[in-house]
J.: 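Got a structure for you, questions after.
Only heavy atoms go into these numbers, but all of them, side chains included; no hydrogens, no water, no symmetry mates.
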Amino acid sequence: MSEGDGRNHLTAALGAARENSVNAPSPANLPSQRRAATVVMACVGVFVAYLPVTTVSVSLPAIQRALHTSTAELSWVSDAFVLPMAALILTAGVFGDVHGRKKVFQAGLAFAAVGAAIALCSQSVQVLWVGQAFAGLGAAALLPTTLALISHAVPDPRERGKYVGLWATALLAALAVGPLIAGVILDRAAWHWIYLLPIPACLLTMAAAARLVTDSRAPGTRRLDWPGQITAALAVTALVYGVIEGGAASFTDSRVVLSLMVGAVSAVAFVVAERRSSSPMLDLSLFRSPAFTGTTLIATITFLGLIGFFFVLSLYFGLVQQLDTLAAGYRLLVVTGMSILVGIPAGRLMHRVSARLLITSGLLVTAAALLSLTGIGADTSFGSLAWRLALLGAGLGAIITPMTATAVASVPHHLAGMAAAGNNAFRQVGGALGPAVLGALLTTKATDALPGHLTGAGLPGPTTDRIMSAVSSRGLGAVARMDLGSAKGRALSAVSDSFLDGIHLCLIVAAALVLLAALVGMVLLRRPPQHSTPDTPDIQDDRRRIVRETTAALVQTGLPAGHTAT
């Protein structure tokens, strides 16, 4: 999920702030009560959309123990949510522009409620995947429409900034309280109950929105790009499926090879479809801007490493350190809190320091934090872990605001909304690949290291062979369910050490990906943004206003990105 985050949708809505509804009352004429209700509904919608990101993330160890899943199957719990969001978020925004944002908002709430209900009743990991997928569809519909509704209801930029801040606070609240909600529930009940809260929240919001929210559409003749949508969804799904299954089995497996081939062919078909479309979902001319291309690559690469890292970190807390969900949630809040503290001055520095310097510096700090985490062990104290997590949050806080503003400022004004949505879609793709790639690395490394640790723990050969046979067929979690008598403790300790070996490898890979993103930033963000089509002075003034509003809103909220799409 995801992560991670709502900033690009914030920018997309600000970029579209000049739009008025073609078939709804003028925003200036809306009653103040109706405008306030629209803002409240939008805040509840984004809270519901983002709540599964962190509640599920910190609950993964409990889910794995209860459902006896492999690491690959556990990866799909996260990716089943992120994939629909990544694949459909652009289409949901266009669908709202064409057919009405209130309709898409209501549909998003309905999908979120259905997904939560399915997950609440699930007794197998496959049914849980279905519930997560429906919740991801809901998030894809809610994220772009909630801000679009606010932009329509509050057209005055100065007044709107206050309401956008409330929207962002609701998003932040979902990320922050998710681990705590999950921790409290799992202390007293089964993991299923983490899905209870979204159901009444969605149903009550749907009932209230039906009466209080005013619908709006975008003017013009924009149409849904079905060829682009279908090929993009197929490419992302096939690629992630191939990576997850390849890591769990073998990349030479016929299913994996076929899946990766389908992903590659679909990606090419997407490019062809977008080049020929009269109303493309993603205008490929955006990539003529080095700054847009650079920020998009940075977003994809960085979130691949970071969201994969948070997936691995949740397993470290639950399976290596044996922490309960509430204790794990407190530790993750260190990253969130530091990201907020650093994000505030980072937003203000954008007027004085180049985006290239801010972004690359933040990426280097993030890479240093990831490398410092390679020193953690099973008995690492919270104090020793906290400064490393705080350093990671500081790096993230310095990246997101300038990256988003640069992506928007690097393209012509009329493409600003599409640039923001496209940048976020690529971030979600990176977030979807993160658990798949690092989860596969974790499983492979831990499985390869386990025989040595079992031998080092003094287990006899027959017992080691029996354990490895169970691991090969049912995953590393199978060891906890085996009857090993007095050797059980030593076997579990060996599994923990093997997990640590895998975690250390994942940290090194994540740091390398972040360093690669820093290199991309240094190369492609060297020059000020260049536009393929010159803007008029009025549009230039409008663009500067949009960037100022975006920066001010981000400074006000200091949104973290570390957990997005985790």
Side-chain angles (χ1 to χ4, degrees), residues 1-7 9-10 13 37-59 78 80-82 84-86 88-89 92-93 96 101-121 128 130-150 163-164 166-182 184-185 192-213 424 428 557 559-560 563-566:
M1 102 137 68
S2 247
E3 147 139 296
D5 69 353
R7 281 186 170 91
H9 299 293
L10 181 152
T38 298
V39 173
V40 171
M41 296 298 101
C43 290
V44 175
V46 76
F47 182 90
V48 170
Y50 263 75
L51 191 61
V53 173
T54 48
T55 53
V56 175
S57 176
V58 297
S59 303
S78 297
F81 176 86
V82 176
M85 185 163 59
L88 298 173
I89 198 167
R101 291 149 183 164
K102 178 179 177 179
K103 297 181 182 67
V104 178
F105 176 74
Q106 294 280 62
L109 290 169
F111 276 119
V114 169
I118 293 173
L120 179 65
C121 301
L128 179 58
V130 175
Q132 284 282 92
F134 271 94
L137 287 172
L142 288 169
L143 288 174
T145 55
T146 48
L147 272 171
L149 287 171
I150 291 178
Y163 294 109
V164 169
L166 292 175
W167 177 93
T169 301
L171 187 154
L172 174 59
L175 294 176
V177 306
L180 304 182
I181 292 174
V184 171
I185 290 173
H192 300 80
W193 296 102
I194 65 173
Y195 288 100
L196 179 62
L197 179 60
I199 299 175
C202 289
L203 296 178
L204 291 174
T205 305
M206 288 177 65
R211 294 172 54 88
L212 300 176
V213 173
N424 190 68
Q428 299 294 353
T557 57
L559 283 174
H563 302 303
T564 303
T566 304

J.: With sequence neighbours left out, write down each residue that passes side chain to side chain contact (heavy atoms under 4.5 Å, CB included) with Ile118, or none if nothing qualifies.
T.: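 Listed in chain order: Val114, Val127, Val130, Phe134.
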J.: Would you name the heavy atoms of Thr38 and Leu212 that are closest together and state the gap between them?
T.: OG1-O, 4.1 Å
J.: Grab the two heavy atoms, one from Ala209 and one from Phe105, that are nearest each other, plus how far apart they are.
T.: CB-CE2, 3.8 Å
J.: Quick one: side chain to side chain donor-acceptor pair (under 3.5 Å) partners of Thr145, sequence neighbours excluded?
T.: none
J.: Looking at every non-hydrogen atom in both residues, tell me the closest pair between Pro84 and Ala133 and how far apart they are.
T.: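 Between these two residues, the closest heavy atoms are CG-O, 3.7 Å.
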J.: Which residues pass the side chain to side chain contact (heavy atoms under 4.5 Å, CB included) test with Ala135, sequence neighbours left out?
T.: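 Partners of Ala135 under the side chain to side chain contact (heavy atoms under 4.5 Å, CB included) test: Phe81.
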J.: I need the Leu142 CG to Tyr50 OH distance, nearest 0.5 Å.
T.: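 That separation rounds to 11.0 Å.
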J.: Side chains of Thr205 and Phe47: closer than 4.5 Å at any heavy-atom pair?
T.: no
J.: Indicate yes or no for a side-chain donor-acceptor contact from Gln132 to the backbone of Ala80 under 3.5 Å, with no hydrogens or angles considered.
T.: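 Side chain of Gln132 to backbone of Ala80, a donor-acceptor pair under 3.5 Å: no, none is there.
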J.: So, do Gln106 and Val213 sit near enough that their side-chain heavy atoms are less than 4.5 Å apart?
T.: no
J.: Kindly give the heavy-atom pair with the smallest separation between Thr55 and Gly178, and that separation in Å.
T.: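 Scanning both residues completely, I find the closest heavy atoms to be CG2-O, 3.2 Å.
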J.: Testing the basics here: between Val48 and Ala201, what is the closest heavy-atom pair and its distance to 0.1 Å?
T.: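 Smallest heavy-atom distance, with atoms named: CG2-CB, 4.0 Å.
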J.: Please name the pair of heavy atoms, one in Cys202 and one in Ala113, separated by the smallest distance, quoted to 0.1 Å.
T.: CB-CB, 3.7 Å
J.: Any salt bridge (charged side-chain N to carboxylate O under 4.0 Å, His left out) pairs touching residues 103-121, not counting sequence neighbours?
T.: Lys103-Asp215
J.: Just to verify, what does Leu120 make a side chain to side chain contact (heavy atoms under 4.5 Å, CB included) with, not counting sequence neighbours?
T.: His192, Trp193, Tyr195, Leu196, Ile199
J.: Looking at CE of Met85 and CG of Leu143, how far apart are the two atoms once the value is rounded to the nearest 0.5 Å?
T.: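 That separation rounds to 6.5 Å.
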J.: Would a distance-only check, ignoring hydrogens and angles, find a side-chain to backbone donor-acceptor pair under 3.5 Å from Lys102 to Leu149?
T.: no
J.: For the residue pair Ile181 and Ile194, establish whether any side-chain heavy-atom pair is separated by less than 4.5 Å.
T.: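 The answer is no; the side chains never approach within 4.5 Å.
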